[in-house]
Amino acid sequence: MVALTSIRTSEGKLEIVDQLLLPHTTEFIEIKTVEDAFDAIKAMKIRGAPAIASLAALAVADHLSRGLGSSPSPDYLGSVPALKEHVEGVLSYLYTARPTAVNLGAATRRLTKTLQASIDAGKDPRGIAQALVAEAKEIDAEDVGRNKQMAKHGGEWLVERVKSGGGSGAQLNVMTVCNTGSLATSGYGTALGLITYLHETGKLQRAFFTQSTPYHQGSRLTAYELQSLEIPSTMLCDSMVGSLFQHHNIHGIAVGADRIARNGDTANKIGTYNAAVLAARHGIPFIVVAPVSTVDLEVADGAGIPIEQRPPIEACLVRGALHPPTLDANGKKQQATVMVTPEGLEGIYNPSFDVTPASLITAIVTEKGVAVKKDGEDVFDLTPIV
């Protein structure tokens with residue numbers, strides 16, 4: 001099995017795979033500046049809440065490392081107040097790239113705390129910058145380990161849930177939405193990690209995944225990852241979820257999250273709410289898998305989660321490889337963007353996320369464990385898993 005990667009660092013170079021070109025072309029883009037990172041996040045060349053947070057942190061680390069290695073030193077390393085103003089400006093700027101993904105905010109807040117703690121400790125500008133570089137790299141490094149923990153927690157919970165209902169706990173069919181694997185994180189994945197864990201432990205029969213339009217993260221990215229991992233899988237259009245539940249034995253739905261409110265309401269890729277409503281109708285467990293950093297205890301419920309509205313034109317366009325395949329002069333598949341709607345279409349609704357109420361969610365999984373609702377309750381107590 002070959003795992004994919006969204007970010008790579010080597011010899012002082014920070015690169016991301018351009019996910020807009022996948023699965024037909026694998027092309028790494030060097031992130032040389034904070035502005036490059038902002039553009040990559042905003043334009044969705046990289047996406048997935050954990051991966052966005054990792055890139056932002058690594059971009060800060062790269063930026064400060066370049067400054068530390070420059071001669072003469074940049075002005076912002078001239079004094080503690082200058083460095084504080086500069087770093088706070090960089091972090092604020094990166095946060096605005098995609099505000100719904102709470103992991104991005106968690107990463108910037110964590111670096112802000114490191115900044116202040118280093119100042120309080122009396123460090124000089126270079127010492128403060130070095131502390132920030134170390135903390136930023138740690139934010140990225142932590143991701144893979146916690147993903148494997150939550151995948152195991154969620155996978156084992158689902159096996160026991162199926163067993164408690166009289167099933168064997170083997171040959172499980174699990175559906176997912178969007179892309180939550182290695183391309184959306186620093187490695188292994190969240191909800192797709194749960195599916196990978198079940199496959200690795202011999203408990204999975206088949207993974208099902210929605211296309212997740214209009215960006216097709218499912219048909220482009222999840223399909224590519226499952227194919228690379230040699231996990232048996234089936235793709236379906238977003239509008240086919242109800243039919244799938246009617247005609248196939250689906251044991252669970254596993255999705256990621258961009259933000260989880262204190263009561264368990266969850267913002268995730270548009271179409272997640274639809275799947276949750278249908279899962280409830282068919283009595284299928286609906287599982288949210290996400291790191292602790294995705295839980296926003298300052299937001300009481302889903303009404304307080306900001307929902308990013310994408311440019312209307314994105315809902316009118318589809319990008320892919322020419323068919324039959326045609327190679328360019330470099331031997332790469334030629335790709336094209338086509339418009340599938342009439343030109344000048346007015347009235348386009350294109351939110352990037354929707355909010356699934358806690359009442360429709362069966363379990364929320366983080367690296368610290370699994371939370372379920374108390375009998376008769378419609379909301380979660382997330383205290384044990386944050």
Side-chain angles (χ1 to χ4, degrees), residues 1-10 13-31 37 40-41 43-59 101 103 139-152 154-155 174-201 204 206-212 215-235 254-256 258 268-269 289-291 319-321 331-333 335:
M1 297 192 299
V2 180
L4 303 174
T5 185
S6 59
I7 304 172
R8 69 183 185 190
T9 56
S10 62
K13 183 185 289 187
L14 173 60
E15 297 177 301
I16 64 164
V17 65
D18 187 348
Q19 297 189 25
L20 297 177
L21 301 180
L22 292 175
H24 307 292
T25 300
T26 301
E27 180 178 299
F28 279 85
I29 304 169
E30 185 174 0
I31 303 298
I41 295 169
M44 293 181 65
K45 294 173 185 175
I46 187 170
R47 22 70 51 211
I52 288 171
S54 288
L55 175 60
L58 291 174
N103 305 61
I139 289 171
D140 173 60
E142 291 171 352
D143 195 36
V144 177
R146 69 186 181 193
N147 289 344
K148 290 186 175 182
Q149 287 179 314
M150 69 183 85
K152 185 174 186 290
V174 181
M175 194 194 88
T176 191
V177 173
C178 197
N179 172 257
T180 57
S182 292
L183 292 173
T185 63
S186 294
Y188 205 75
T190 55
L192 200 59
L194 181 154
I195 289 172
T196 302
Y197 174 80
L198 291 174
H199 174 70
E200 291 174 345
T201 54
L204 183 75
R206 181 164 288 270
F208 293 81
F209 61 96
T210 62
Q211 287 186 324
S212 304
Y215 254 86
H216 289 266
Q217 290 100 324
S219 48
R220 292 190 303 107
L221 307 179
T222 298
Y224 190 36
E225 290 206 49
L226 290 170
Q227 204 174 54
S228 299
L229 294 169
E230 299 178 1
I231 296 177
S233 61
T234 299
M235 182 187 79
V255 302
D258 285 84
N268 193 48
K269 167 69 178 178
V289 187
R319 180 182 176 84
K332 295 182 178 180
K333 289 182 180 178
Q335 298 195 45

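This is a predicted model, so every value here is computed, not measured.
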Side chains of Asn103 and Ile52: does their closest heavy-atom pair fall under 4.5 Å? no
Side-chain heavy-atom pair Gln19, Leu22 within 4.5 angstrom cut-off: yes
Straight-line distance of Ile231 CD1 to Thr196 OG1, nearest 0.5 Å: 4.0 Å
Salt bridge (Lys or Arg N to Asp or Glu O under 4.0 Å) partners for Lys152, two or more places apart: Glu156
I'd like to know if the side chain of Glu225 and the backbone of Ser182 have a donor-acceptor N/O pair within less than 3.5 Å. yes
Of the non-hydrogen atoms in Ala49 and Asp258, which two are nearest, and what is the gap between them? CB-OD2, 3.8 Å
Heavy-atom check, side chain of Lys269 versus side chain of Asn179, under 4.5 Å: no
Looking at Tyr215, does the NZ or CZ of Arg47 lie under 6.0 angstrom from its six-membered ring centre and within 45 degrees of the ring axis? no
Close side-chain approach of Thr180 and Thr185, heavy atoms under 4.5 Å: no
Lys333 NZ to Leu21 CG distance, which is reported to the nearest 0.5 Å: 13.0 Å
With sequence neighbours excluded, what pairs up with Glu142 under the side-chain hydrogen bond (donor to acceptor under 3.5 Å, both in side chains) test? Arg110
Might you point out which heavy atoms bring Leu4 and Ser228 nearest each other, and give the distance in Å? CD2-OG, 3.8 Å
Note: Ser212 and Gln217 closest approach over all heavy atoms is O-OE1, 3.1 Å
Can you name the nearest heavy-atom pair linking Asp140 to Ser186, along with the distance? OD1-OG, 2.7 Å
Which residues pass the salt bridge (Lys or Arg N to Asp or Glu O under 4.0 Å) test with Lys332, sequence neighbours left out? Glu27
Can you check whether Thr190 reaches Pro291 side chain to side chain, under 4.5 Å on heavy atoms? yes
Between Pro23 and Tyr224, the two heavy atoms sitting closest are CB-CG, 3.7 Å
Which atoms form the tightest heavy-atom contact between Phe28 and Glu15, and what is the distance? CD2-CB, 4.1 Å
Please round to the nearest 0.5 Å and tell me the distance separating atom CG of Leu226 and atom CZ of Arg206. 10.0 Å
Taken to the nearest 0.5 Å, the spacing of Ile29 CD1 from Lys45 NZ works out to 5.0 Å
Evaluate the side-chain contact (heavy atoms from CB on, under 4.5 Å) criterion for residues Val255 and Cys178: first the C-alpha distance (whole Å), next the side-chain angles of each, then the deciding distance (0.1 Å), finally the verdict. CA-CA 8 Å; Val255 302; Cys178 197; over 6 Å; no
Using side-chain contact (heavy atoms from CB on, under 4.5 Å), reason through Leu14 and Leu55 one step at a time and then give a plain yes or no. CA-CA 9 Å; Leu14 173 60; Leu55 175 60; 4.1 Å; yes
Distance from Tyr188 atom OH to Leu229 atom CG, nearest 0.5 Å? 9.0 Å
Nearest 0.5 angstrom please: His199 NE2 to Leu194 CG, how far? 13.5 Å
